[in-house]
Amino acid sequence: MSVLESFRSHYLKARDEEMSLYDYLELCKREPMAYATPAERMLAAIGEPETIDTRNDPRLSRIFSNRLIRRYPAFREFFGMEDVIAQIVAYFKHAAQGLEERKQILYLLGPVGGGKSSIAERLKVLMEAHPIYALKGSPINESPLGLFNPQRDGAALEKEYGIPRRYLTGIASPWAIKRLAEFDGDITQFKVVRVQPSVLRQVAITKTEPGDENNQDISSLVGKVDIRKLEKFAQDDPDAYSYSGGLCLANQGLLEFVEMFKAPIKMLHPLLTATQEGNFKGTEGFSAIPFNGIVLAHSNESEWQSFRNNKHNEAFLDRVYIVKVPYCLQVSEEVKIYEKLLRNSSLATAPCAPGTLDMMAQWSVLTRLVEPENSSIYSKMRVYDGETLKDTDPAAKSLQEYRDYAGVDEGMDGMSTRFAYKVLSATFNYDQTEVAANPVHLMYVLEQRILREHLTEDKQRRCLEFIKGWLAPRYAEFIGKEIQTAYLESYGEYGQNIFDRYVTFADYWIQDEDYRDPETGESFDRAALNAELEKIEKPAGIANPKDFRNEIVNFVLRARAQQGGKNPHWTSYEKLREVIEKKMFSSTEELLPVISFNAKASAEDQKKHESFVGRMVAKGYTEKQVRLLSEWYLRVRKSQ
């Protein structure tokens, strides 16, 4: 099917379908979704979650404390928001069960650029997934079940058509009451239409925003009289009314209230009766208008705090279901957010040097974290990302200890993802001749942006310190390793030799036995073995050598059993790989002539240099970046 045919097919599928009231009730007997509440339709659109047992993943087990977590395909690209999404789904689940949540406003509270609007947009898209059934001609998408009285008709409807009594609101709109009078009480004259909710056509989904405090009134929520119709109808006639308010348009669907607490309190009063009682009063003297929908609101924390601190708003506060939407505090999830941004832009194919997005994510997360007690903030960031630091930083605490000390508001402050987007955009376009990004340009752009932002002196100093004190030194270490591994052609064999030798020495040391080298005949007692092991462990800063040796030997013994007695590859165990690399590259003076882009003394050096550049390009760098990063690395080394 071509794209044009597909468009027409989807359009025709979304058109209203008409049926009699009797046919609708028969449909209810077969299909419960025909009378489902908005919360039930939202749950059906969200779908069944993918359940993940975090005990089976070391990183996730540390982040989620071995809990079972649920990830919903509908929110697949909301990275690092598992807890937020779980709370939102819980709201809809409880509302669908007819509990107190069905009477409450879903309120997303969070800092600017934290993802509140993105969640709201996704919920509106999900609300479009399932159709609603409304009385034909009703200006408020009125449910046919509103015609029936729960006391008088509830038992009969449940017996004949299987519709539970709780689905009967007992309120018909003024428009429906007028039609009923015109039909002389013959309810069968009502027609029912199957309507597809639509954001674009404002059918069962709409948005309301606060306007000017002086002239905004409740009509933006409840509608008002259409003065053009007063020639034909009296002012209190339901047909003279313009049902253009948010609550009218969003009946049986979703009303998004942007920056809700910026609106004057008088404007919010209709929300109280609409959510609590299922109806609201218009501006004219006719009966109440039914409302069976979801009110989704969001605003920043400053508006919420000022609203909450006003004692006059207590009745409203009790009717709000708050979901905090903090910034992402996991570096690897923040990186995925940036990757999603780049995929949806023309930068998707632009070169991005390894480590660029990681550095941006690390800086962003560092600005959002509460400074820990007796531990470095950099270690805290790594622990939050699921790393274990017991061998490299004895001062590092557990994730739960960090959280307990930080309090419940961690992540509600810091630099936004939107700020990071702008920094990345400037980084990719920094070089006039090449659209590409690398960490050195990123650090420069980031520093300039921080200085241009109107930050407090303390916050500015802190943001710059993250670059100079944490990110730059660690990037020098990272790019040094990249350059060194690209330089050493045979480093793999060298690394395997160190690995095999370390495992053998550690095994004999644990067994408290002497070791004789079969090739040289050299003998090592326990003290000599310990000295050899420490030559490898000390450059890597291993804090608990005894535990580390036992851990490595146990891993290798298990791996040997699965590989027919053969040692695993030296890179197979991350901790030991890092230790070996630090040992291998502790002395690298000989590589400086090769990585330098100056004129070469010999053809052999030139050949080695070209080979080095080729291997760096294979790692994901452009030739221009190889030169820039190599020169930056040499300058950093010289200044140390």
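Numbering of residues begins at 1 and proceeds along the displayed sequence. Just so we're clear, the structure is a prediction, and the values are computed from it rather than from any experiment.
A cation-pi arrangement is present between K340 and F78 under the rule of less than 6.0 angstrom and at most 45 degrees off the ring axis.
Within the 4.5 Å cutoff, the side chain of M360 has heavy atoms near those of the L446 side chain. A heavy-atom distance below 4.5 Å is not found between the side chains of Y475 and V636. When side chains are defined from C-beta on, C328 does not count as touching V365, because their heavy atoms never get closer than 4.5 Å. With a 4.5 Å cut-off on side-chain heavy atoms, P73 and R76 count as touching.
Ion pairing between a basic and an acidic side chain is recognised when a charged N comes within 4.0 Å of a carboxylate O; E631 and R627 show such pairing. In summary, K336 and E333 engage in a salt bridge, as defined by a charged side-chain N under 4.0 Å from a carboxylate O. Under 4.0 Å is where a charged nitrogen must lie from a carboxylate oxygen, and between K575 and E551 at least one such pair does. Between E574 and R577, at least one side-chain nitrogen of the basic residue sits less than 4.0 Å from a carboxylate oxygen of the acidic one, meeting the salt-bridge criterion. A salt bridge does not link R382 to D385: none of the charged nitrogens lies less than 4.0 Å from a carboxylate oxygen. Between E82 and R67 there is no salt bridge, since none of the side-chain N atoms of the basic residue sits less than 4.0 Å from a carboxylate O of the acidic one. Taking 4.0 Å as the cut-off between side-chain N and carboxylate O, E477 and R474 do not count as a salt-bridged pair.
The two atoms that bring K207 and Q202 nearest to each other are N-OE1, 4.3 Å, heavy atoms only. Of all non-hydrogen atoms in M616 and A486, the two that sit nearest each other are SD-CB, 3.7 Å. Between R368 and L329 the shortest heavy-atom distance is CB-CD2, 3.6 Å. Nearest heavy-atom pair, A361 versus V331, reported as atom, atom and distance to 0.1 Å: CB-O, 3.7 Å. The two residues V335 and L357 have their closest heavy-atom pair at CG2-O, 3.8 Å. Taking both residues in full, the closest heavy atoms of Y107 and V320 are given as CB-CG1, 3.4 Å, listed atom of the first, atom of the second, then distance.
Heavy atoms of other residues, nucleotides or ligands lying less than 6.0 angstrom from CZ of R55 number 12 at most. Heavy atoms of other residues, nucleotides or ligands lying less than 6.0 angstrom from CD of E623 number 12 at most.
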**Request:** Please assess L123 against F92 for the test side-chain contact (heavy atoms from CB on, under 4.5 Å), listing each intermediate value before the final yes or no.
**Result:** CA-CA 11 Å; L123 290 174; F92 287 116; 3.9 Å; yes
**Message:** Between T392 and L389, is the side-chain contact (heavy atoms from CB on, under 4.5 Å) condition met? List the steps.
**Reply:** CA-CA 5 Å; T392 53; L389 305 181; 3.9 Å; yes
**Prompt:** Run the side chain to side chain donor-acceptor pair (under 3.5 Å) check on E537 and Y502 step by step: do they pass?
**Reply:** CA-CA 10 Å; E537 293 160 352; Y502 180 88; 2.6 Å; yes
**Request:** Output, in order, the C-alpha distance, side-chain angles, deciding distance and verdict of side-chain contact (heavy atoms from CB on, under 4.5 Å) for R449 and M415.
**Result:** CA-CA 12 Å; R449 288 276 171 158; M415 301 307 273; over 6 Å; no
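The backbone N or O of P49 lies less than 3.5 Å from no partner atom in the side chain of R71, so there is not a single donor-acceptor pair. A donor-acceptor pair under 3.5 Å is absent between the side-chain atoms of N300 and the main chain of S302, judged by distance alone. A donor-acceptor pair under 3.5 Å is absent between the side-chain atoms of S611 and the main chain of K607, judged by distance alone. Judged by distance alone, with hydrogens and angles left aside, the side-chain atoms of Y430 form no donor-acceptor pair with the main-chain N or O of A436 at under 3.5 Å. Within the 3.5 Å criterion, the main-chain N or O of A74 finds a donor-acceptor partner in the side chain of R122.
Between the side chains of Y633 and E482, no donor N or O sits under 3.5 Å from an acceptor N or O.
The side chain to side chain donor-acceptor pair (under 3.5 Å) pairs that include a residue from residues 401-411 are K324-D409, S375-Y402, K380-E410, Y384-E410, S398-E401, Q400-D404, where partners are two or more places apart or lie in different chains. Within the structure, every pair that satisfies the side chain to side chain donor-acceptor pair (under 3.5 Å) test and touches residues 344-366, not counting sequence neighbours, is listed here: Y338-S364.
For W632 and Y444, the distance between ring centers is not under 6.0 angstrom.
Listed by chain and number, the residues in a side chain to side chain contact (heavy atoms under 4.5 Å, CB included) with N310 are H312, N313 (sequence neighbours excluded).
Atoms CG and CG, on L254 and L106 in that order, are 8.5 Å from each other to the nearest 0.5 Å. Atom CZ of residue F612 and atom CD1 of residue I483 lie 5.0 Å apart, to the nearest 0.5 angstrom. Going from atom CG of L108 over to atom OG of S118 covers 11.0 Å, rounded to the nearest 0.5 Å. Taken to the nearest 0.5 Å, the OG atom of S416 stands 9.5 Å off from the OH atom of Y421. Taken to the nearest 0.5 Å, the CD atom of E303 stands 11.0 Å off from the CE atom of M260. Atom CD of Q330 is separated from atom CZ of F79 by 12.0 Å, given to the nearest 0.5 angstrom.
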